[in-house]
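As structure tokens, the structure follows; a few thoughts come after it.
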Amino acid sequence: MTDKTSNQMWGGRFAAGPDAIMEAINASISFDKRMAAQDIAGSRAHAAMLAATGIVSDSDAVAMREGLLTVLSEIEAGEFTFSTALEDIHMNVEARLKDLIGAPAGRLHTGRSRNDQVATDFRLWVRDQLDAVDQALQALMHALLVQAEAGSDWVMPGFTHLQTAQPVTWGHHMMAYVEMFGRDLSRVRDARARMNECPLGAAALAGTSFPIDREMTAKALGFDRPCANSLDAVSDRDFALEFLGAASICAMHLSRFAEELVIWSSAQFRFVALSDRFSTGSSIMPQKKNPDAAELIRAKVGRIFGANVALMMVMKGLPLAYSKDMQEDKEQVFDAADNLMLALAAMEGMVRDMAARTDNLEAAAGSGFSTATDLADWLVRVLDMPFREAHHVTGALVAKAEAKGCDLPDLSLTEMQEVHGEITASIYDVLGVHNSVASRVSYGGTAPSQVRAQVARWKERLG
Ligand code: ARG
């Protein structure tokens, strides 16, 4: 008999239990208990398969499957005592099953290993998260579509280098983010389709000599098929890395938008009013209303991309097949998933609540010679001037307006003609910001008609 203190799951060859430090570095139960539901689903599918293939008796399988449901309800009710000595969720669940049903519990681990078990549990967990992110992205996109539709013809400055470039529409700006989050959505769906293969039955690394049915367990757990190579099945964490990669890019998009909201809500810009629900005050400066939610969203990309880098570093250089290093995968993914979901929900709330200050947007849209390109285009179109020359003439007009301290539409026709004699009064038609945006009807352009077409297209795609 082994020493009582050695591990009851694998302690057969051990004379003594682990050092306290060994137990502390080895145990994962403090975090992998989050996969309890997935672990129990995997074990229930495995038990049913063991009976269907005649590897265990039907009565044992029934006892196991029912006992596992009892364990799940204990965990869900918060009545389960997790033990660090039992290392992880897999052994905690199995030990409790043994308390509940006795001997048949010892047959559950036939034809499998914790290596394929953890790979299966974690895939199921990541798959659920991909679905949750999918939903959250759609909700955010719907909120952006509402803003875009309301403001398809509100003009605002478009920027390059954060310098006023050309007038654009509010709706067009919102729809740029719909495109970004739409790509995030397709990345999430691609990752889901690729990861939906079942490692269960790969056993420790080489498969098993028991006549298991891997198609059956794969199907029961909602996977498209079993993983085709047992070594790869237990050592692959691409699905976690793809989740973190997609999450990182999504968080980067959220961060860019959050930064715009921070700038736009400042006293210097005053482009938007953020709601009280997503702002905070200062404990010393009574006038302050801070865009904290936006700032925190802006920051989340740091930890999410950090998780991506961390897991990439854990995985690099690992020989096939399973190594304990891989236990370090979960905390990174859990933290990234929690924070991405929080950031998506906060952004959705902010977008739903925010109010564009249309007067300020319009005033800003017309400043900074924002219609200079329209003027140059007029010279090309009406006077048949080569664009390079038109650019030069427009530059001279901008210099003149700047010297006078006025905007382009404020120059008189005589002043315009001093720069180029053939300019006529119809040039003023293209200098207004509304004319400017309305004229940009090229596919994907900022014209309200284009924006409305894109809103309709996305509404149909999202359903
Ligand atoms: N807790 C482990 C993990 O998360 C489960 C797999 C352990 N396998 C083993 N051979 N020690 O990776």
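By convention here, the first residue in the shown sequence is residue 1. Order of appearance sets the numbers: ligands from 1, and atoms from 1 within every ligand.
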Parallel, tilted or perpendicular: which fits the ring planes of Phe239 and Phe122, with parallel below 30° and perpendicular above 60°?
perpendicular
One thing to verify: whether Arg225 and Glu215 come together as a salt bridge, which I'm taking to mean a side-chain N less than 4.0 angstrom from a carboxylate O.
no
Taking non-hydrogen atoms within less than 4.0 Å of ligand 1, which protein residues qualify?
Ser28, Asp32, Asp88, His90, Arg114, Asn115, Val118, Tyr322, Lys324, Gln327, Lys330
Does Asp116 use its side chain to pair, donor to acceptor, with the backbone of Ala203 at less than 3.5 Å?
yes
Have a look at Val93 and tell me which of Leu72, Asp88, Leu68, Leu86 forms a side-chain contact (heavy atoms from CB on, under 4.5 Å) with it.
Leu68
Do any pairs count as a side-chain hydrogen bond (donor to acceptor under 3.5 Å, both in side chains) and have a residue in residues 41-53, sequence neighbours left out, and if so which ones?
Ser43-Arg112
Show the numbers, then the answer: is there a salt bridge (charged side-chain N to carboxylate O under 4.0 Å, His left out) between Arg114 and Asp39?
CA-CA 10 Å; Arg114 272 190 296 157; Asp39 191 72; over 6 Å; no
